[in-house]
Amino acid sequence: LMAIGCCCLGHHSTVQQFQETVDERIRWFQAAMAVSPDNYAALVNLGHALRGKGQTREAIDFFRKAITVKPDAEIAHNNLGLCFMDQGQF
């Protein structure tokens with residue numbers, strides 16, 4: 001699909017569509033957290049989406065909160081570690 005998008009739409013359009021999809025996901029996860037602030041899945045997914053946008057500091061906050069909600073969750077710990085690696089803190 002990425003290759004088709006690059007050929008047919010041009011690279012800029014494909015990147016723009018990807019960015020819009022990430023932004024839409026962020027809005028969905030924020031809406032889920034407005035209803036249920038301790039929703040582990042929304043916290044982790046929001047952190048992941050923010051990290052994907054390069055908003056590592058914001059992502060760290062959501063991964064940390066996810067760990068407080070579910071301390072034994074490997075995914076949140078792993079993603080938090082990846083954020084620290086992104087920042088050169090390992």
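Here, residue 1 is the first one in the sequence, and each next residue gets the next number.
Grouping the Ile, Leu, Val, Met, Phe, Trp and Tyr side chains by contacts below 4.5 angstrom, directly or via other members, places Phe84 with Ile67.
Of all the heavy atoms in Ala42 and Met33, the pair that sits closest is CB-CG, 3.6 Å. Pairing each heavy atom of Phe63 with each of Cys83, the nearest pair is CE1-SG, 3.6 Å. Of all non-hydrogen atoms in Ala59 and Gly47, the two that sit nearest each other are CB-O, 3.2 Å. Closest of all the heavy-atom pairs between Ala73 and Tyr40 is CB-OH, 3.0 Å. Residue Lys65 comes nearest to Pro37 through the heavy atom pair NZ-O, 3.5 Å, listed as atom of the first residue, atom of the second, then distance.
Gln87 places a side-chain heavy atom less than 4.5 Å from the side chain of Ile60.
The side-chain contact (heavy atoms from CB on, under 4.5 Å) test with Arg64 singles out one residue from Leu80, Val69, Leu43, and that residue is Leu80.
For the atom pair CZ of Phe29 and CD of Glu24, the computed distance is 10.5 Å after rounding to the nearest 0.5 Å. Rounded to the nearest 0.5 angstrom, Asn79 CG and Arg51 CZ are separated by 6.5 Å. Note that CG of Asp38 is 13.0 Å distant from NZ of Lys70, once rounded to the nearest 0.5 Å. Interatomic distance, Thr21 OG1 to Ile26 CD1, rounded to the nearest 0.5 Å: 11.0 Å. If you take CG on Leu82 and CG on Asp86, they are separated by 7.0 Å, rounding to the nearest 0.5 Å.
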**Prompt:** When you look at Leu46 and Glu58, which way does the side chain to side chain contact (heavy atoms under 4.5 Å, CB included) test go after all the steps?
**Reply:** CA-CA 9 Å; Leu46 182 53; Glu58 293 86 351; over 6 Å; no
**Asked** After noting the C-alpha distance and the side-chain angles of Ile75 and His77, does the key distance pass the side chain to side chain contact (heavy atoms under 4.5 Å, CB included) rule?
**Response** CA-CA 5 Å; Ile75 292 172; His77 285 280; over 6 Å; no
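With hydrogens and angles disregarded, no donor-acceptor distance shorter than 3.5 Å links the side chain of Asn78 to the backbone of Glu74.
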